[in-house]
Each structure stands twice: as C-alpha cells, then as structure tokens.
Engineer: 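Questions regarding the structure given below will be posed in turn.
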There are 2 protein chains.
Amino acid sequence: MVKRTPEETSEETSEGTSAGPSKSSSAAAPPRTPRRTDGLSREVIVQAATELLDGGGESALTLRALTVRLSTGYGAIYHHVADKGDLLAAATDDVITRVLADMVMDADPREALRRMAVGLFDAIDAHPWVGTELSRQPWRPAMVEFYESIGRLLDALAVPEPARFDAAGTLVNYVMGVAGQNAANARRRAGDDTDRAAFLDNVAEQWAQLDPDRYPFVHAATTRLREHDDREQFITGVDIFLAGIAALH
Amino acid sequence: MVKRTPEETSEETSEGTSAGPSKSSSAAAPPRTPRRTDGLSREVIVQAATELLDGGGESALTLRALTVRLSTGYGAIYHHVADKGDLLAAATDDVITRVLADMVMDADPREALRRMAVGLFDAIDAHPWVGTELSRQPWRPAMVEFYESIGRLLDALAVPEPARFDAAGTLVNYVMGVAGQNAANARRRAGDDTDRAAFLDNVAEQWAQLDPDRYPFVHAATTRLREHDDREQFITGVDIFLAGIAALH
DNA sequence: CTTTCTTTGGATCGGCGATCCAAAGCGCAT
DNA sequence: ATGCGCTTTGGATCGCCGATCCAAAGAAAG
C-alpha cells in the first residue's frame, strides 16, 4: 500500500455547472489519503469533542476542527454521530455521569444535598459549556440520577410526597440558573481578555454610577459585587432553599 | 409615510468573475431597487426583530429574514445595529422594560416579590427567546430595575444587609433557571410539532420505564410530571425561597 | 449648482452544519 | 481463493449564515 504523506490535495476543483452531479468521471485519478487503521468510535469522537470544548469553549467545537483533530473526514464522524447536537449532548452526559460516579452520599441528608449541588457547580465551573447545554436540555438521561438522589434526600428530610416534587424541581431550577449564569460569565471571560475581576469591576462601576436616589440598593451593592465569592453565594442559596423546604413541612 | 409595496426585486444578478473586485465597471447598468422613502431606525429594526423572534423562535431571526421583512439590505441594518448580538440584546431590553413599566408595587413585600417574579415568568413564557438571552446575559441594564426592586422588598422584609445581597442573587438565579428551562421547553415544542403535553408524556414514559428499585423517586414522580402546572410550581418555588429567607432571619 | 456627508441596497466573503458519494477494507458464502 | 455485499471512511459539495465592503442615492451645506 502506498503511504502518502498528507500533502495538499487537489487544489483546482472542477468548475462544472452548478448542479451537475459528477457522473462522467474525468480522467484525473483523484489522490486519496490512506484509510485510518485504528477504528473510529463514538467514544473517541465524544472525547475529542470534550477536549475541544474545554480548550476553547462552545465555539471551538466545529465539525472542521473535529476532522482535523481526528485526521478524518465529515462522513466518518457523521457515521457515528447523528448531528452536532447529539455530540454536544453526549459530551455533557459524559461529564455529568463522571461527576455523579465520584459522589458519595453522606449520612446527613442536608449535607448530602449541599454536596450534590456543589458537585454540579464545580463541574460546570470546570466545563462551562456543560452549564449552557444543561440549561438548554435539563432532562437529559444523565440528569435522572440527580433527580433521583434529590428526591431520596428530600424523603429523608421528611418532606411529604405532595410537596416533594415541587421542592425537587425548585432546587434543580436554582442550580440550573446558577449553572447558566456561571457559564455566561465564563464565556464573557474567554471572549474578552479581561478576567473575572475586571469584568466584575466593570459592572460594579456602572452600578456605582447610577443615581443613588433612584437605585439605593444596587448602588450600595457594588462593594459586595466586587468581593463576593460565587461558590459561597451559591451554597448560601442552597441553604435558603433548604430552610424554606424545612419550613413548609 | 409612503408604504412601498414589496414588489419583486431584481432577479438576474450579475455573474461576475469569482474573486475579482468590481473595479473596472462593465458596461451593463446594474438595476437597483429604489431607495426607501420612510427612514429606517434602530427602533423599527428592533421591532421587526421582536416580531420575527415571537413568530418563529430564535432561529427565525436572521439578517436575511430581516432584510426581506424590512425590504432593505444588509448595509442599512448594520448601519443602525452593531451586530446580531446587539440586536437580540436590544429586543430583550425592550421586552423587560415593558414588563417593568406595567408592574405595580404592592403594599405587602411578600406579595410584591411574588408578583415581580411571576411577571418575569409570564413575559418569558410569552417570549421564550427572552429567557435564553437573559440567562446568557443576566446583567443587562434593563435588569438593574429588577435587582433594585428586589433589594428594596427584601429590605422591607427586614433581611439584614449582609444577607440581602446573597438573597437577591439567589432569587434572581432561581428565576433565571426557570426562565432557561421554560425557554428550552418552548424551543422543543416549536422544533417538534408535538405540543407540550406530548413532550411531557414522552419524558414521563421514559421515567416510567426506569427500574423502580433503582429509581423509586423518579419512577413515582411520573404522574406529577404529567399533571403539574409550570406557573404554579414556579410560584411554589418562590414561596419556598421566601420561607427560607424568613427562617434564616 | 456643486460639494460633502449620511443613509441605503446588495454583492461578496469566509465559515459553518449537513448531505452525498465513491473508495477502501472486511467478512462471508461459494 | 475469489468474488460479492455490507460497513466504514475521506472529502467534495450544498445551502445558509453573519459580517464586510462599496457604490449609488439622497440630504445637507456652501
């Protein structure tokens, strides 16, 4: 078999009519890069997609980039994957599943709930694109594990059945909200070369310039905006909801 | 104002060379559609964009569709608008501002908070694309009004200053989470021609087929999933939050 | 009327997701 | 072993998108 180096392929494309299929094959023998020896698979593709996403955000996942990274063509990828959405969903499921696998359920239900929420928070913090995709498709199969754990822990907290469903949904909605916001911040951080502190300073400055008479609260909150820690604030929010759930009996 | 009928534009385009700049003008006089008499403006464009978004979701807002709807060209639009993101943000601000303008602050802070959250919920329910854009950019200028109102109402609820900032953020995050989820549902509804009930039935059926031993909570929640009302569940969540605030002092 | 500036229309570009097809390998039946 | 069909691969191609660019058309200034 002739080992052909991946040089430039044919530059001059046929300038045939616009819609004509290439039925009558021309004389020129088309050079082909050799077929890959190691088999492509859905897992390999998902893995490569995850690395692209982690490296450059959601915009870095393009079919073109995938073909380059895997040294293959479009057809090979689309043979294992339905479309780009399928790929993004699979990568998200992958991350979520991994997070849940590492989770240990504590004895105290309250602490376990807090730990689960924080686990999801940290995962989204590490992979912001997961937050975006998750807030777009909150009912992925991988999330069922989450709902189940939350439901059980609420049961352990003696939340009665009629309210348990609403309580679980509320908690999930809160986590999703933070996820989306975090992902948005991370996106902005990557887009601009201003880091998180600079971005917050920017918002805080705009807030500080508001009329203190019309916007007393926002105007006064600028200091806290600069200093606050996202993770701690998130946990505080979880505690608020847990307290509210306990108060509802 | 002269309403120009949307007649056919020029059909036959010039078939110039592929990459050559049209410096040396050829002999053929290029036919031009007449210039519009009524002035274009940023507001008119934002209005048209909103109608497109309401009509066909986020994917319906394309520059091409805008030029057709306004009977104009790309250049005219880009003269008034920075880029597509600017346009989407402006349309979102427009909707949010309108919602806030119609809001009346009640005497009871608890009821007022509930009303504000529901107002945002209803607006996003009516314009799902607002939810997506809002969860992507939670710090739009139009949202400052919201933060301010929430802060004042929390103050009226005697939430002390150190906790007020966290509490306001938590509530906003919760609302954002619901917003994103709602927008996702609406998107799916529009994509498939299955309506909301059919979609929920689909999810519920998948849940029902899970192993009842491994997933007792999710398996049992299918009935509630089918029957629950999004709006009521959202309000329940707000009440949980309010109870949590009260419990934490 | 002439010049200058603002606003408009549309050709064009590069990049994207998706489709399609032929080549290449692989396995099974003969 | 040999031919034949099925699976997998590589890449040309299509249509559409956002964005850029430029010349024409009018409005304003002189």
Engineer: Rounded to the nearest Å, what distance is computed from the CG atom of residue A:L88 to the P atom of nucleotide C:dG17?
Structural biologist: 11 Å

Engineer: Residues of residues 73-84 of chain A with any non-hydrogen atom less than 4.0 angstrom from an atom of DNA chain C: list those, numerically ordered, please.
Structural biologist: A:Y74, A:G75, A:Y78, A:D83, A:K84

Engineer: Which atom pair, heavy atoms only, marks the closest approach of A:T97 to A:D93?
Structural biologist: OG1-O, 2.7 Å

Engineer: Name the residue from B:V95, B:L61, B:I124, B:L134 that meets the side chain to side chain contact (heavy atoms under 4.5 Å, CB included) definition with B:W129.
Structural biologist: B:V95

Engineer: Between C1' on C:dA18 and CG on A:L87, what's the gap in Å once rounded to a whole number?
Structural biologist: 14 Å

Engineer: Between A:R64 (CZ) and D:dC17 (P), how many Å, whole number?
Structural biologist: 22 Å

Engineer: Please give, in whole Å, the distance from D:dG11 P to A:L70 CG?
Structural biologist: 13 Å

Engineer: Measure from CG on A:L66 to P on D:dG11 and round the result to the nearest Å.
Structural biologist: 15 Å

Engineer: Please give, in whole Å, the distance from C:dG10 P to B:L63 CG?
Structural biologist: 15 Å

Engineer: Got a donor-acceptor contact below 3.5 angstrom from the A:N173 side chain to the A:G169 backbone?
Structural biologist: yes

Engineer: For A:F234 and A:F121, take the angle between the two ring planes, folded into 0 to 90°, and tell me which bin it lands in: parallel under 30, tilted 30 to 60, perpendicular over 60.
Structural biologist: parallel

Engineer: Using whole Å, report how far CG of A:L52 lies from P of C:dC16.
Structural biologist: 12 Å

